[in-house]
Amino acid sequence: LVECYASQLNRVFMNLLSNAIDAMETAAQLQPKITIQTAVLDDNKVAISINDCGPGIPSAIQNQIFEAFFTTKPVGKGTGLGLSISYQIVVDKHQGYLACESAPEQGTTFRIELPIRGN
């Protein structure tokens with residue numbers, strides 16, 4: 001069990017999963033796959049990884065993806081708030097960690113680390 005704001009973390013997971021689905025649809029992925037892994041890292045930390053097999057995020061923009069209103073989606077498709085809000089929920093509200101690893105044509109992995117007990 002993790003002490004947390006469950007509805008807020010559900011929003012994070014939905015944002016990340018929605019982005020993964022969009023990425024695979026954009027790439028017309030023939031065999032779409034999302035992998036979710038969880039692990040207990042130590043006595044007071046858990047990790048959740050969400051990986052997709054989409055086109056990846058270019059390294060030139062990876063440092064911008066958590067900024068409010070930044071989006072690579074076409075007008076009308078995204079607001080550019082999902083990852084920014086997710087970052088605030090994980091890092092600011094839960095004192096956790098949220099990071100992205102991606103390479104062109106290699107997919108994207110978002111890694112969340114959360115304390116098991118709140119501070």
Point-to-point distance, once rounded to the nearest 0.5 Å, from OG of S86 to CZ of R11: 7.5 Å
Side chain to side chain, Y87 and I65, heavy atoms closer than 4.5 Å: no
N44 side chain to R117 backbone, donor-acceptor under 3.5 Å: yes
Heavy-atom check, side chain of S102 versus side chain of Q62, under 4.5 Å: yes
Plane angle bin for F66 and F110 - parallel if under 30°, tilted between 30 and 60°, otherwise perpendicular: perpendicular
Nearest heavy atoms of D52 and M24, plus distance in Å: CB-SD, 4.2 Å
Heavy-atom pair of closest approach, residues C100 and I57: SG-CD1, 3.8 Å
Closest heavy-atom pair and its distance - P115, G96: CD-CA, 4.2 Å
Gap separating the NZ atom of K45 from the CD atom of Q95, nearest 0.5 angstrom: 12.0 Å
Distance (rounded to the nearest 0.5 Å) between Q106 CD and E101 CD: 12.5 Å
OH (Y97) with more than 12 external heavy atoms under 6.0 Å: no
pair L17-I50: side-chain heavy atoms closer than 4.5 Å: yes
Hydrophobic cluster membership, L81 vs V12, 4.5 Å side-chain cutoff: yes
Any donor-acceptor N/O pair, H94 side chain to I89 backbone, under 3.5 Å: yes
Side-chain touch I48/L114, heavy atoms, less than 4.5 angstrom: yes
Heavy-atom closest pair, residues P55 and A23: CD-O, 3.2 Å
Close side-chain approach of L16 to I112, heavy-atom, < 4.5 Å: yes
N51 and T109: side chain donor to acceptor below 3.5 Å: yes
CA sep, side-chain torsions, deciding dist, call: I21, I34, side chain to side chain contact (heavy atoms under 4.5 Å, CB included): CA-CA 8 Å; I21 291 166; I34 295 173; 3.8 Å; yes
Considering all heavy atoms, the nearest I116-D43 contact: CD1-O, 3.7 Å
Inter-residue atom distance E113.CD - D42.CG, 0.5 Å rounding: 9.0 Å
ILVMFWY network linking I36 to L83, side-chain heavy atoms under 4.5 angstrom: yes
